[in-house]
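Structure, as structure tokens:
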Protein chains: 2
Amino acid sequence: MSLEYAILGFLNYKPLSGYDLKRIFDTSVQHFWPADQSQIYRTLTRLTERGWAEMEIVEQSDRPDRKVYHITAAGREALHRWLLTPPHPHIPRNADLIQVFFAGQLSDDEIVAIFERAAERVRGVLKLYERIPQQVEAYREYMESPREFFCWMLTLEAGFKSAQANLNWLEDVIRRIKNGEMPER
Amino acid sequence: MSLEYAILGFLNYKPLSGYDLKRIFDTSVQHFWPADQSQIYRTLTRLTERGWAEMEIVEQSDRPDRKVYHITAAGREALHRWLLTPPHPHIPRNADLIQVFFAGQLSDDEIVAIFERAAERVRGVLKLYERIPQQVEAYREYMESPREFFCWMLTLEAGFKSAQANLNWLEDVIRRIKNGEMPER
DNA sequence: GGATATTATAGGATTAGTCATATATAATAT
DNA sequence: ATATTATATATGACTAATCCTATAATATCC
């Protein structure tokens, strides 16, 4: 389960609470690894049980106490092993495409509408990506070196290029349908 | 759950058994909607309970009897409604990228190896895509019209373009790292 | 003769992920 | 005064998906 290793990866920068982690996920890897709050807390418990992380309660007077987790030596080893292990091939499901696959029974206008709304969504994603570099600046402190920051930026680049390619394709298909390339029913 | 609608979409072409469906999924939409055999059978049961499909036992002397499912009027309506409904936005998880994100602690060679193996995998996917058009020919009978066939081909195109864009990016990153663009540790 | 593959359906167990909700305090906005 | 937001953790219920195994007949390969 990659969420375990993603959390381990962040704890490797510095000790963090579940709450910290949620904010970090939401501002850094959310475009390719969203994490549910409840899943983060449950995974932290599991990491502790497995000896890959240790928990320390930090008392606060004004707010609820924090449970701060830090990575152990065993955790660091596990993280390193995982980094060198190729992930199992996994085919992500694409709900837009499964609709396109069966869209033939719709009218031309209805089909174009499916593509238009998909294109609109990708444009929204692209806009979000444009905002990430600024958000990332705020978290640059977590990065020990420019090397780690470079890797971070690479994942952004990947998302951006993939969304851009997807949008180009969607716009091309819309153009072709409007150009009469979709066969009659 | 889109698998329900994907099955309904195929049943809309002609009545099929769970076994037929498994083969069809594996040769047409497997690159963006893989379906597990046991999931198909369970979903067929659910569709029947819901009145979207009806089952008929076709006895066979030499082989186990087939349970052939056909779509009902209610099923056709549900399929059409779904086609006009935008899917919930869903962010697919990308295990390659989450590794890249934390790859900064590895050596340059180890990082290049991660990208090389990702590129190798995408090249394999691209090769699989090249074989799909022939496989599809065998199932062309399911398509009532060239319109449906066109939609089928569009999904292939999407997968191909996306894989191609991804490979271009991976090869560009490999080139840049070998060019010394990855900062020192 | 024995092993494996094909046709055909099905259920148990488990995991990953989602959604909703609960609890508690303090600060801020309207 | 009231509502909302932020900080902080946690559990219950559920769905989708995966993996493994079982069953049963026939056909084919070595």
Side-chain angles (χ1 to χ4, degrees), chain A residues 1-8 15-27 29-50 53 55-69 82 87-95 98 138, chain B residues 1-8 15-27 29-30 32-50 53 55-69 82 87-95 98:
Chain A
M1 208 254 263
S2 296
L3 181 64
E4 288 175 358
Y5 297 100
I7 288 177
L8 231 37
L16 296 163
S17 70
Y19 192 80
D20 295 334
L21 281 162
K22 176 58 179 160
R23 270 183 312 165
I24 292 173
F25 270 88
D26 285 352
T27 46
V29 296
Q30 92 293 140
H31 63 289
F32 61 92
W33 209 282
D36 188 85
Q37 174 262 124
S38 66
Q39 213 191 345
I40 289 173
Y41 282 101
R42 275 190 262 246
T43 304
L44 281 170
T45 306
R46 203 159 359 112
L47 288 175
T48 308
E49 282 162 5
R50 203 178 298 169
M55 190 262 283
E56 193 188 356
I57 293 175
V58 175
E59 284 181 41
Q60 299 191 123
S61 55
D62 50 346
R63 290 169 195 169
D65 295 349
R66 289 158 52 81
K67 291 188 174 177
V68 176
Y69 295 81
W82 168 76
H88 298 130
H90 172 78
I91 300 166
R93 285 168 178 76
N94 187 323
I98 196 78
Chain B
M1 210 256 264
S2 296
L3 181 65
E4 288 173 359
Y5 296 100
I7 288 177
L8 231 38
L16 297 164
S17 69
Y19 193 79
D20 295 334
L21 281 162
K22 176 57 179 161
R23 270 183 311 165
I24 292 173
F25 270 88
D26 285 352
T27 46
V29 296
Q30 92 292 138
F32 60 92
W33 209 280
D36 188 83
Q37 174 262 123
S38 66
Q39 212 191 345
I40 289 173
Y41 282 102
R42 275 189 262 245
T43 305
L44 281 170
T45 307
R46 203 159 0 113
L47 288 176
T48 308
E49 283 162 5
R50 204 180 297 170
M55 191 263 283
E56 194 188 356
I57 292 176
V58 176
E59 284 181 41
Q60 300 192 123
S61 52
D62 50 347
R63 291 168 197 170
D65 295 349
R66 288 158 53 82
K67 291 189 174 176
V68 176
Y69 294 82
W82 169 74
H88 298 129
H90 172 79
I91 300 167
R93 285 168 178 76
N94 187 324
I98 196 78

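Every chain is numbered from 1 and lettered A, B, ... according to where its sequence line falls, protein lines coming before strand lines. Just so you know, these numbers use all the heavy atoms, side chains as well, and skip hydrogens, waters and symmetry mates. What you are looking at is a predicted structure, and each value in this text was computed from that prediction instead of being measured.
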For Ser17(B) against Arg66(B), the heavy-atom pair lying closest together: OG-NH1, 3.5 Å

Name the pairing partner of dT23(C), where a pair is Watson-Crick or G-U wobble with both distances under 3.5 Å, or state none. dA8(D)

Closest-nucleotide mapping onto DNA chain D: is Glu4(B) or Gly18(A) further toward the 5' terminus? I mean the 5' end. Gly18(A)

Partner of dT4(C) by Watson-Crick or G-U wobble geometry, both contacts under 3.5 Å, or none? dA27(D)

Roughly how many Å is it from CD1 in Ile7(B) to C1' in dA16(D), rounded to a whole number? 13 Å

Does Tyr41(B) have a side-chain nitrogen or oxygen under 4.0 Å from the phosphate oxygens OP1 or OP2 of dA10(C)? no

Hey, does Gln60(A) reach any base, or is it just sugar-phosphate, or nothing, if we go heavy atoms under 4.0 Å? sugar-phosphate

Side-chain contact check for Lys67(B): nearest option of dG12(C), dT18(C), dA10(C) is dA10(C)

Rounded to whole Å, how long is the line connecting atom NZ of Lys22(B) with atom P of dC19(D)? 11 Å

Salt-bridge criterion met for Lys67(B) and Glu56(B) (N-O under 4.0 Å): no

How long is the line joining CZ of Arg66(B) and P of dA25(D), in whole Å? 19 Å

On DNA chain C, check which nucleotide each of Trp33(A) and Val68(B) is closest to and give me the residue with the more 5' one. Val68(B)

Of Gln37(A) and Tyr69(B), the one whose nearest nucleotide on DNA chain C sits closer to the 5' end is Tyr69(B)

Looking at dT18(D), I'd like to know if its phosphate oxygens (OP1 or OP2) sit under 4.0 Å from a side-chain N or O belonging to Arg93(A). yes

Whole angstrom value for the distance that separates P of dT14(C) from CG of Asp36(B): 17 Å

Expressed in angstrom and rounded to an integer, what is the separation of Asp65(B) atom CG from dT26(D) atom P? 12 Å

d(CD, Gln39(B); C1', dA13(C)) in whole Å: 15 Å

If you compare all heavy atoms of Ile40(A) against all heavy atoms of Ile7(A), which two are closest, and at what distance to 0.1 Å? O-CD1, 4.1 Å

Ranking Arg46(B) and Ser38(B) by the position along DNA chain D of their nearest nucleotide, the one closer to 5' is Arg46(B)

Side-chain N or O of Ser17(A) less than 4.0 angstrom from OP1 or OP2 on dT9(D)? yes

Using every non-hydrogen atom in the two residues, find where Ile57(A) and Met55(A) come nearest and quote the distance to one decimal. CG1-SD, 3.7 Å

With Asp26(B) as reference, evaluate Arg23(B), Gln30(B), Lys22(B) under the side chain to side chain donor-acceptor pair (under 3.5 Å) test and give the passing residue. Lys22(B)

Whole-Å gap separating P (dG11(C)) and CD1 (Ile40(B)): 15 Å

Interatomic distance where CG belongs to Asp26(B) and P belongs to dT6(C) [whole Å]: 13 Å

